[in-house]
Participant: 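Below is the structure I would like to discuss, written out as structure tokens.
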Amino acid sequence: MLTAKSLADSVSGSLNNAHKLANDLGGVLAIVVLLAAFLIAGLLTLSSVAKRVREIGSLRVIGWSRGEVVRQVMAETIGIGIVGGLIGVAIGAGVCAVIAAVGPGLSVTSTGLTVGASTLSNMVGQSTTGTVTSVVHLTAPIHFTTILIAFAGALVGGLTAGIIGGWRAARLAPASALRDLG
């Protein structure tokens, strides 16, 4: 026999399972996106270094050490990471605001609830049934910790790309860099 309590327990269990699945999937997707972003940042930095061979060779010819070249490339990519982090946080906050403003609501309607709990009232027709509707509005809350993690990810991405690109740039021999593109 289906009772209101068993139905409520079933719905609650289903909602808990859906919530757990969404959290797990969201975590996995976040890791995949983060790794893809780091890979893309590294590849773009390597591409930039490849396009700037003559510039880097010139800096090495005028006396820049390998460490100075690495620091220059890292400073550029960390700056890009800071700007990207700020833009990303702003876009994320905007998306959360849009979801809160126009996000759909989920509604649950329960009908046939007996109002009046006595058996005597049921026999004389005094109990009534009612309908209860609950609406849950979807939101995307913004947490300070999430913002910090996102910004730190942008900085780590910039730092990682700078290390990769700087290492590649520092390996360039000044004479061959100028000779090949001369």
Side-chain angles (χ1 to χ4, degrees), residues 4-52 55-56 59 66-111 113 131-171:
K5 180 169 177 20
S6 67
L7 180 60
D9 289 343
S10 175
V11 169
S12 295
S14 296
L15 290 176
N16 286 335
N17 290 341
H19 183 262
K20 184 181 180 317
L21 178 64
N23 283 342
D24 292 347
L25 182 61
V28 170
L29 287 176
I31 290 170
V32 168
V33 167
L34 189 62
L35 291 175
F38 284 176
L39 180 65
I40 290 170
L43 291 174
L44 289 175
T45 302
L46 287 175
S47 174
S48 172
V49 166
K51 291 178 186 175
R52 297 169 54 192
E55 173 191 342
I56 293 167
L59 292 174
R66 290 177 187 239
E68 289 173 322
V69 171
V70 170
R71 282 192 297 277
Q72 173 66 30
V73 173
M74 285 182 62
E76 292 171 2
T77 58
I78 288 173
I80 291 169
I82 289 171
V83 170
L86 292 173
I87 291 171
V89 166
I91 290 172
V95 168
C96 289
V98 167
I99 289 172
V102 299
L106 301 175
S107 63
V108 176
T109 304
S110 299
T111 58
L113 298 175
T131 302
V132 177
T133 302
S134 298
V135 178
V136 177
H137 294 283
L138 296 180
T139 61
I142 301 172
H143 301 288
F144 186 70
T145 306
T146 306
I147 292 171
L148 286 179
I149 291 171
F151 195 75
L155 288 179
V156 169
L159 183 64
T160 303
I163 290 170
I164 293 168
W167 174 76
R168 173 80 169 122
R171 287 189 22 212

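Worth saying up front: this structure is predicted, and the values here are computed from it rather than measured.
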Participant: Keeping the roles fixed (side chain from Ser47, backbone from Leu43), state whether a donor-acceptor pair exists under 3.5 Å.
Facilitator: no

Participant: Who are the side-chain hydrogen bond (donor to acceptor under 3.5 Å, both in side chains) partners of Gln72, not counting sequence neighbours?
Facilitator: Glu76

Participant: For a side-chain contact (heavy atoms from CB on, under 4.5 Å) with Phe144, tell me which candidate from Leu148, Ile142, Thr146 qualifies.
Facilitator: Leu148

Participant: Testing Leu34, Leu35, Leu29 for side-chain contact (heavy atoms from CB on, under 4.5 Å) with Ile31, which one passes?
Facilitator: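 Filter result, single survivor: Leu35.
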
Participant: Calculate, to the nearest 0.5 Å, the distance between atoms OG1 and CG belonging to Thr160 and Leu39 respectively.
Facilitator: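 Between atom OG1 of Thr160 and atom CG of Leu39 there are 11.5 Å.
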
Participant: Compare every heavy atom of Phe151 with every heavy atom of Ile82, then report the nearest pair and how far apart it is.
Facilitator: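 Looking at all heavy atoms of both residues, the shortest contact is O-CE1, 3.7 Å.
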
Participant: Kindly give the heavy-atom pair with the smallest separation between Thr77 and Gly162, and that separation in Å.
Facilitator: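 The answer is OG1-CA, 3.0 Å.
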
Participant: What pair of heavy atoms forms the shortest contact from Ala41 to Ala161, and how long is it?
Facilitator: O-CB, 3.6 Å

Participant: Evaluate the side-chain proximity of Val83 to Ile87: yes if any heavy-atom separation is below 4.5 Å, no if none is.
Facilitator: yes

Participant: Measure the shortest side-chain to side-chain distance between Thr45 and Val73 over non-hydrogen atoms and say whether it is less than 4.5 angstrom.
Facilitator: yes

Participant: Strictly by side-chain hydrogen bond (donor to acceptor under 3.5 Å, both in side chains), give each pair with a member in residues 87-105 just once, sequence neighbours left out.
Facilitator: none

Participant: Drop me the distance from Ile56's CD1 to Arg168's CZ, to the nearest 0.5 angstrom.
Facilitator: 9.5 Å

